[in-house]
Number of protein chains: 2
Amino acid sequence: MSKAHDPVSSRKAASQAAGETRAALIQAALRLFGQKGFEGTSTREIATAAGANIGSIAYHFGGKEGLHTATADHIVETIQVVAAQAIGRANAPAIDSTDEQAARGQLFTLLEHMMGFFVVRPEAGDIARFVLREMSQPSTALDRIYEGVFEPLHKRLCLAWERVTGQPAESETTKLLVFTMIGQVVYFSIAREVVMQRMGWNDMGDREAAKVLGIVRDNLDAILTSRKDGKP
Amino acid sequence: MSKAHDPVSSRKAASQAAGETRAALIQAALRLFGQKGFEGTSTREIATAAGANIGSIAYHFGGKEGLHTATADHIVETIQVVAAQAIGRANAPAIDSTDEQAARGQLFTLLEHMMGFFVVRPEAGDIARFVLREMSQPSTALDRIYEGVFEPLHKRLCLAWERVTGQPAESETTKLLVFTMIGQVVYFSIAREVVMQRMGWNDMGDREAAKVLGIVRDNLDAILTSRKDGKP
DNA sequence: GTCTATAAACAGATAGAC
DNA sequence: GTCTATCTGTTTATAGAC
């Protein structure tokens with residue numbers, strides 16, 4: 001048995017399938033880079049956490065830096081998939097009701113999905129921490145995430161905002177308002193531990209997330225209403 | 001006077017005054033820890049940036065970890081001074097007008113000072129980045145900052161909130177609402193680079209800060225109004 | 001593809017001269 | 001108080017066995 005040069009059939013039972021080690025390394029890197037930072041994490045640590053060896057990082061990514069950018073690309077892909085679903089659902093009811101009412105529902109749905117993503121998905125916390133660290137120290141990894149995730153998502157939200165308030169999507173005011181909405185949501189992801197301590201919460205599960213979402217949703221409603229009536 | 005063991009009078013001209021090296025080290029550590037993280041920064045780097053040598057870190061702080069906690073303490077002291085001034089000014093007009101109107105002005109003033117601190121003070125960006133990094137990786141440094149700055153400031157804001165809306169300061173809703181206000185402000189400090197890129201700004205000076213403050217202030221106004229009238 | 005051994009660079013801590 | 005030299009451990013990267 002066992003052709004020596006067939007990588008799949010000749011693999012011994014203990015070996016992982018093609019790409020599995022690669023994926024495990026990215027997963028471990030995402031978590032550790034997020035928790036301890038790029039320089040704060042050693043390749044040995046990542047390899048151990050991924051159940052692989054140190055050499056595999058050089059083999060799959062060329063080195064530590066290659067693993068870093070590969071992790072950034074993985075984040076972009078992950079969020080693009082989630083965002084596409086969220087936008088798809090947010091757009092769904094827009095076919096029936098055409099105007100401001102539907103657009104407001106769209107904003108609420110997008111907000112809800114953002115909030116849900118940061119709480120429910122186990123990867124989300126790691127992603128938020130990773131991106132956050134990149135922000136303090138501009139890198140090529142951040143550029144990829146900005147172009148792949150940040151800018152398109154922000155533009156999408158600005159567009160929905162325009163449909164509610166009538167204010168042009170690319171106006172300074174609209175762009176800043178959308179940032180304040182994003183800021184509210186991501187803050188609970190960033191300052192998770194501090195918030196939990198102050199609130200007396202033991203963890204941040206569905207119940208807590210729902211409570212936060214309710215508050216942010218009410219805020220959005222109040223801001224939209226004031227922008228609609230007070231300053232058309 | 002002038003005993004050989006008087007550390008002040010016997011100091012030669014080229015030497016720095018007492019505590020000057022110490023202060024320079026803390027200042028450099030604050031910036032570098034914020035930018036590159038604790039593990040990402042070497043003691044040699046800090047010493048060079050401070051115009052000192054590596055040995056001085058061991059002498060003044062016992063080691064790298066000692067410098068870390070000393071930096072956290074410096075942050076607590078800095079913010080406590082600034083916060084005391086801000087609260088002092090916010091309280092000033094409260095003597096004349098007794099009720100909700102004055103309390104609302106107090107909240108606005110506190111918000112304005114927070115925003116101003118994050119933009120005007122050169123240290124503020126470094127402080128925000130430092131604290132942010134600590135948040136992702138709970139440490140004793142974060143505990144000091146939480147107890148010395150975070151909790152007292154949050155409680156103070158909740159109290160002001162109660163005076164405007166009537167909702168109890170320590171209720172779940174009030175505490176979360178205050179977090180959403182803080183989140184809006186700090187987000188512009190955290191995501192500074194990303195915001196500037198999206199806004200097409202070259203830097204974040206007084207003009208830009210005023211624009212952001214105006215938006216956040218309007219948001220606060222809209223939220224307070226909705227909480228006052230809609231849900232008493 | 002996976003894993004080990006090793007090399008070259010760099011980390012923080014320390015002892016002691018000045 | 002300041003600065004240099006040095007010790008010890010750890011880092012990433014690499015070459016090569018399997």
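Within every chain, numbering begins at 1; the chains are lettered A, B, ... in the order of the sequence lines, protein sequences first and strands thereafter. These numbers were taken from a predicted model, which means no experiment stands behind them.
The side chain of B/Ala58 lies closest to C/dT14 when the candidates are D/dG1, C/dG1, C/dT14.
Protein atom CG of B/Leu67 is 14 Å distant from nucleotide atom C1' of C/dA13, rounded to whole Å. Rounding to whole angstrom units, OH of residue A/Tyr59 and P of D/dG16 are separated by 18 Å. For B/Asn53 and D/dT6, the CG to C1' distance is 15 Å, given to the nearest whole Å. Straight-line distance from the CD1 atom of B/Ile54 to the C1' atom of C/dG16: 15 Å, rounded to whole Å. The separation between B/His60 atom NE2 and D/dT2 atom C1' is 8 Å, rounded to whole Å. Put simply, CZ on A/Phe38 is 14 Å from P on D/dT11, counting in whole angstrom units. Note: CD1 (B/Ile57) to P (C/dA13) measures 9 Å, nearest angstrom. Distance B/Glu45 CD to C/dA11 P: 8 Å, rounded to the nearest Å.
Taking the six-membered ring where tryptophan is involved, the planes of A/His68 and A/Phe38 are tilted, since the angle between them lies from 30° to 60°. Relative ring orientation between B/Phe179 and A/Phe188 is described as perpendicular, the plane-to-plane angle rising above 60° on a 0-90° scale split at 30° and 60°.
Minimum heavy-atom separation, A/Pro152 to A/Glu147: CD-O, 3.4 Å.
In this structure a side-chain-to-backbone donor-acceptor pair under 3.5 Å is present from B/Thr41 to B/Leu32.
Two residues, A/Lys64 and B/Arg44, neighbour DNA chain D, and the one matched to the more 5' nucleotide by heavy-atom proximity is B/Arg44.
The side chain of A/Thr43 places no N or O atom within less than 4.0 Å of a non-bridging phosphate oxygen (OP1 or OP2) of D/dT11.
Within the 4.0 angstrom heavy-atom criterion, only backbone atoms of the sugar-phosphate kind lie near B/Ser42; the bases stay farther away.
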